[in-house]
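Single-structure report; data block below.
Just so it is clear, the values below take in all heavy atoms, side chains as well, and ignore hydrogens, waters and symmetry mates. In listed order, ligands and their atoms are each counted from 1.
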Amino acid sequence: MKIEPDDLLLIIDVQNDFCPGGALAVTDGDAVVPVINRLAVRFDHVVLTQDWHPARHSSFASSHPGAAPFSSITMPYGPQTLWPDHCIQGTAGAAFHSGLATDRAELVIRKGFRSAIDSYSAFFENDRTTPTGLAGYLRERGLRRVLMTGLATDFCVQYSALDARRLGFETVVVLPGCRAIDLGGSLAAAIAAMREAGVKLVEEIV
Ligand code: VGL
Ligand code: ZN
């Protein structure tokens with residue numbers, strides 16, 4: 001696979017709270033940083049996403065008395081996993097990992113900033129209909145294919161990849177640049193769902 005001038009590298013949620021020591025640490029999450037940095041210099045277009053929640057966000061277990069982190073509840077828009085408080089706007093946990101090369105990013109999409117709804121995907125909030133604007137950005141800029149890396153494979157990367165396919169973009173997930181939360185088999189399920197949807201899963205881009 002050759003990188004083309006109208007390809008986008010989408011770097012998802014490489015933030016301190018998803019790295020070791022963070023509030024919602026993904027095992028080995030920081031291992032994606034050098035992989036992504038090496039990849040990013042090869043692209044003409046790089047976009048970052050940043051999970052960006054207000055305090056007391058409805059996806060936090062702490063906002064639901066008696067609910068445990070990693071349990072699931074039903075929200076008006078469907079099922080929602082409850083998380084430890086993470087990526088609160090303006091905190092160190094919400095900052096990008098200090099080793100991530102962010103200078104070449106032409107856009108940062110912040111998501112999850114509405115209290116009443118979570119947003120895993122870079123394209124739509126968890127109701128699967130409220131857009132972030134990223135699809136319009138890609139279309140208006142003539143970007144045709146989206147290659148994705150980041151955290152976590154089975155949540156924000158998966159949701160972004162499935163939405164990108166649904167929107168008609170060619171979609172590639174570069175697995176060594178991703179790490180998973182893996183809640184009760186969610187990684188295997190995510191891999192299967194992405195394959196089924198026509199997402200290309202690759203180990204490297206030669
Ligand atoms: C994410 C859970 C909650 C992610 C974000 O980036 O995959 N997961 N918020
Ligand atoms: Zn979040």
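Ion pairing of Glu125 with Arg114 is present here, as a side-chain N (NZ or NE/NH1/NH2) and a carboxylate O approach within less than 4.0 Å. Electrostatic pairing of Glu106 and Arg141 counts as a salt bridge here, judged by a charged N lying under 4.0 Å from a carboxylate O. Between Asp51 and Lys111, at least one side-chain nitrogen of the basic residue sits less than 4.0 Å from a carboxylate oxygen of the acidic one, meeting the salt-bridge criterion.
With 3.5 Å as the limit, one finds a donor-acceptor pair spanning the side chains of Asp85 and Ser62. Using a 3.5 Å distance cut-off with no hydrogens or angles, the side chains of Asp163 and Ser160 do not pair a donor with an acceptor.
Distances under 2.8 Å from the Zn ion (ligand 2) pick out the protein N/O/S atoms Asp51 OD2, His53 NE2, His86 NE2.
Within the 4.5 Å cutoff, no side-chain heavy atoms of Ile109 are placed close to those of Leu48.
Shortest non-hydrogen contact noted between Asp28 and Pro20 is N-CG, 4.4 Å.
Annotation: Phe60 is in aromatic contact with His86 [ring centroid separation under 6.0 Å].
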Measure and list all N/O to N/O distances between ligand 1 and the protein that fall under 3.5 angstrom.
residue	atom	partner	partner atom	Å
ligand 1	6 (O)	Asp13	OD2	2.6
ligand 1	6 (O)	Leu151	O	3.2
ligand 1	7 (O)	Ala152	N	3.0
ligand 1	7 (O)	Cys156	N	3.1
ligand 1	9 (N)	Asp51	OD2	3.0
ligand 1	9 (N)	His86	NE2	3.1

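Classified by interplanar angle (parallel below 30°, tilted 30° to 60°, perpendicular above 60°), the ring pair Phe155/Tyr120 is perpendicular.
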